Amino acid sequence: MVDFIRNLSPNRRLALVAVVLGLLAVVGPNPYRGAAASVNTKEAAIQMARGTDQVGVTELADWIVQGRADFRVVDLRPATAYAEYHIPPAENIPVAGLAESSLSRNEKVVLYAEDGARAAQAWMLLKARGYRGVYILRGGLEAWKDSVLFPRIPENATPAQTVEFAKMREVSRYFGGTPQAAPGDSAAAVPVAALPKLSMPVAKAAPAGAKKKKKEGC
Amino acid sequence: METKPAQPYMNPYVAGVGLGLVLLASFVVMGRGIGASGAFASTITAGVDAVAPGHVAANAAYAEYLKEGTTPFKDWLVFEVLGVFVGGWLSGMFAHRVTRTVEKGPRISVRNRLIFALIGGVLMGVGAKLARGCTSGQALTGGALLNAGSWAFMIMVFVGAYGLAYLMRRQWT
Amino acid sequence: MMAPFFKYGMFGENLSLVVAFLVGIGFGFFLERAGFNSARKLAAQFYFTDLTVFKVMFTAIVTAMLGVYWLSALGVMDLSLVYLTPTFLVPQIIGGLVLGFGFVIGGYCPGTACVGVATGRVDAMVLLVGLFAGIIGFNEAYPLIAGFYNSTGYGQLTLPQVTGLPYGLLVFAVVLMALGGFAGAEWMEKRMAARKAEA
């Protein structure tokens with residue numbers, strides 16, 4: 001066998017390699033893994049345990065206020081819900097469209113839906129497909145409404161909470177929300193049941209918008 | 001360089017393996033194949049955009065090569081084709097094959113050969129645009145990826161060239 | 001399982017242009033090594049006297065195809081992330097035919113013309129001028145032919161999808177076809193050389 005190969009001309013040796021690799025390909029697997037994907041469960045579990053898979057709503061609000069551009073916000077809800085209201089820089093990518101989206105694997109992507117569950121599912125899907133910088137918006141849009149758009153100062157607020165509320169009031173106004181009580185007001189005077197009907201601020205047009213899918217052909 | 005005789009070309013199968021490995025490296029590193037005609041389309045869009053921006057924006061065939069916030073020159077294929085010039089020149093220099101000449105058969109004048117080259121170039125531009133790629137981007141890249149349209153294209157390139165070869169024999173033989 | 005590197009964000013847009021330049025150098029280098037800077041050598045393909053074009057092209061296709069197959073099958077590369085030009089069947093058939101005409105008339109294809117220019121071929125320079133004119137002509141006529149250009153679109157379509165055969169089987173079929181072609185090409189070159197010697 002060794003002699004046989006040794007006696008072949010270089011061209012025939014190349015041909016032999018091609019035939020062997022080609023023949024093995026007949027019994028080999030399909031190179032397209034299709035929708036199947038794998039996830040590093042250990043790494044994902046550690047991120048979950050440490051909470052590094054999530055971003056808080058006030059943190060996200062800070063990023064947006066600071067005008068940072070190193071992240072993308074993805075609204076996973078249906079287009080109708082997105083049209084009604086969305087966090088200002090968010091682009092709308094329903095869960096089914098994630099695989100074909102223009103997100104790239106090294107971008108910081110913050111996912112949110114109504115609450116945390118749908119975003120967590122999408123997080124897992126993207127992790128499995130090799131997206132490294134995906135985060136879940138902790139508490140989803142509900143938390144965004146509660147803490148950013150319509151913040152409320154707790155009864156018997158500590159001084160620290162009062163300072164925090166004063167800051168959130170500014171943030172809330174920035175996003176067109178309405179803080180529920182000024183720190184000077186008596187918190188008890190605003191009973192929860194008597195909350196005014198919350199009207200959602202109309203979202204401004206998304207500034208960045210979805211990036212165009214790049215052309216890679218000849 | 002003119003003094004030394006041109007070296008013979010490489011064994012075609014070895015050169016083919018080399019070319020294939022370059023293509024494979026492009027797939028592995030970039031997730032895309034190689035190309036050529038796209039770089040010329042980008043250059044044209046850049047040129048026409050400098051003269052008549054409205055004209056480019058209104059025509060999708062030009063506009064698809066526009067880039068957000070930068071020039072159409074800052075494109076992967078443009079840099080790749082610049083490399084092709086450099087790589088071809090390097091290889092030619094090493095083998096003493098860089099000479100100012102016109103490639104033609106013995107039975108045709110230089111002038112006519114250049115006219116045919118011009119006509120061939122025009123057809124090539126139209127064909128490559130119509131097929132969304134040329135021999136590099138479609139036949140080679142798509143061929144290796146078992147792209148259905150690329151194989152149809154590749155077969156038709158050979159059909160077209162062989163079909164017209166008899167009429168063109170005075171140019172080459 | 002981290003290839004294609006760029007798609008996994010291992011480097012950015014600017015570095016990708018450096019990669020492009022390096023890939024281009026490799027591409028141009030081997031095109032010239034193979035003799036694709038010479039239109040006579042390229043055109044000889046169509047008169048059966050020198051079948052280098054076929055040999056180099058199909059060796060490259062087989063090499064890259066086997067590499068893509070095995071790297072993907074072994075899980076090193078995610079093939080679904082490799083860009084696949086969408087199929088528009090009839091425009092690509094007609095485009096291939098027109099490009100084939102251009103090939104035998106002009107003597108180069110766009111990539112080989114670049115290598116021809118780099119090694120001083122004047123006809124290759126003229127061909128590139130024609131190439132620019134052809135693309136501009138196409139672009140100017142685009143509003144009229146956009147319908148045809150975008151007809152018979154099948155999206156990203158591979159031969160395994162068309163034939164229903166397993167990917168690996170088609171890989172093997174292409175290998176066999178290429179090797180058979182190479183044997184035929186060697187035989188044909190010898191026969192043409194013998195005929196020329198007789199004449």
Side-chain angles (χ1 to χ4, degrees), chain B residues 9-10 12-13 15-20 22-24 26 28-32 36-37 61-62 76 79-80 83-85 87-89 91-92 98-100 102-103 114 117-118 120-127 129-131 134-136 143-144 146 148-149 153 156-157 160-161 164-165 168 172, chain C residues 3-4 6-7 17 20-21 23-26 28-30 32-35 39-40 43 46 52 55-56 59-61 63-65 67 83 87 92 95-106 109-111 114-115 118-120 122-123 126-127 130-131 134-135 138-139 142 157-159 162:
Chain B
Y9 292 115
M10 195 183 243
Y13 303 109
V17 170
L19 209 53
V22 170
L23 181 55
L24 182 61
S26 183
V28 171
V29 178
M30 289 303 303
R32 60 178 297 165
S37 53
Y62 286 116
W76 199 87
F79 278 75
E80 187 240 63
V84 170
F85 281 105
W89 180 78
S91 170
V98 181
T99 38
R100 197 183 163 83
V102 173
E103 292 277 340
L114 293 183
L118 190 70
V122 172
L123 289 173
M124 194 117 356
V126 173
K129 284 302 294 179
L130 211 46
C134 57
T135 12
S136 319
L146 302 185
F153 167 84
M156 292 314 290
V157 170
L164 215 61
M168 284 291 121
W172 301 116
Chain C
F6 181 66
K7 299 282 170 89
L17 298 179
F21 188 63
V23 165
I25 287 180
F29 187 87
F30 282 109
E32 205 282 341
R33 288 279 119 172
R40 276 196 90 177
F46 307 116
T52 302
K55 293 184 208 168
V56 173
T59 311
I61 288 174
T63 305
M65 176 188 70
Y83 182 80
T87 292
Q92 280 165 344
L97 198 66
V98 173
L99 196 135
F101 292 157
F103 201 163
V104 75
I105 295 173
C109 64
C114 297
V115 175
T119 54
V122 179
D123 46 334
V126 174
L127 184 130
L131 185 70
I135 295 175
F138 175 91
N139 287 355
Y142 182 75
L157 185 69
T158 61
L159 290 179
V162 174

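All heavy atoms count here, side chains included; hydrogens, waters and symmetry mates do not. Letters go in sequence order (proteins before strands), and every chain restarts at 1. Only a predicted model underlies this, so the values are computations on that prediction, with no experimental measurement involved.
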Might you point out which heavy atoms bring [X] and [Y] nearest each other, and give the distance in Å?
X: C/Thr59; Y: B/Tyr13; value: CG2-O, 3.3 Å
X: C/Thr63; Y: B/Val17; value: OG1-CA, 3.7 Å
X: C/Ala20; Y: B/Trp76; value: CB-O, 3.3 Å
X: C/Gly96; Y: B/Ala131; value: N-CB, 4.3 Å
X: C/Asp123; Y: B/Val102; value: OD1-CA, 3.9 Å
X: C/Phe46; Y: B/Ala161; value: CE2-CB, 3.2 Å

Taking [options] one by one, which has the highest count of heavy-atom pairs under 4.5 Å against chain B?
options: C/Ala34, C/Ala43, C/Ala39; answer: C/Ala39
options: C/Thr52, C/Val115, C/Leu127, C/Val56; answer: C/Leu127
options: C/Thr158, C/Val23, C/Thr87, C/Ile105; answer: C/Ile105
options: C/Gly111, C/Gly67, C/Gly26, C/Cys109; answer: C/Cys109
options: C/Gln92, C/Met65, C/Lys55; answer: C/Gln92

Top of [options] for chain C proximity - count of heavy-atom pairs under 4.5 angstrom:
options: B/Leu114, B/Val126, B/Val29; answer: B/Val29
options: B/Ser91, B/Gly92, B/Gly149; answer: B/Ser91
options: B/Ala15, B/Gly120, B/Gly87, B/Gly125; answer: B/Gly87
options: B/Leu123, B/Leu24, B/Leu23, B/Val84; answer: B/Val84

Exercise for the section: For B/Trp89, look at atom CH2 and say whether over 12 heavy atoms of other residues, nucleotides or ligands are found less than 6.0 Å away. Expected result: no
Exercise for the section: Check whether C/Val162 gets within reach of chain B through its side chain, its backbone, both or neither, counting any heavy atom under 4.5 Å. Expected result: side chain
From [X] atom [atom1] to [Y] atom [atom2], the distance as rounded to the nearest 0.5 Å:
X: C/Ile25; Y: B/Phe85; atom1: CD1; atom2: CZ; result: 13.0 Å
X: B/Met168; Y: C/Phe103; atom1: CE; atom2: CZ; result: 14.5 Å
X: C/Leu97; Y: B/Met156; atom1: CG; atom2: CE; result: 4.5 Å
X: B/Lys129; Y: C/Leu99; atom1: NZ; atom2: CG; result: 13.0 Å
X: C/Leu157; Y: B/Leu146; atom1: CG; atom2: CG; result: 11.5 Å

Exercise for the section: Side-chain contact test, heavy atoms from C-beta onward, threshold under 4.5 Å: evaluate it for C/Arg33 versus B/Leu19 and give yes or no. Expected result: no
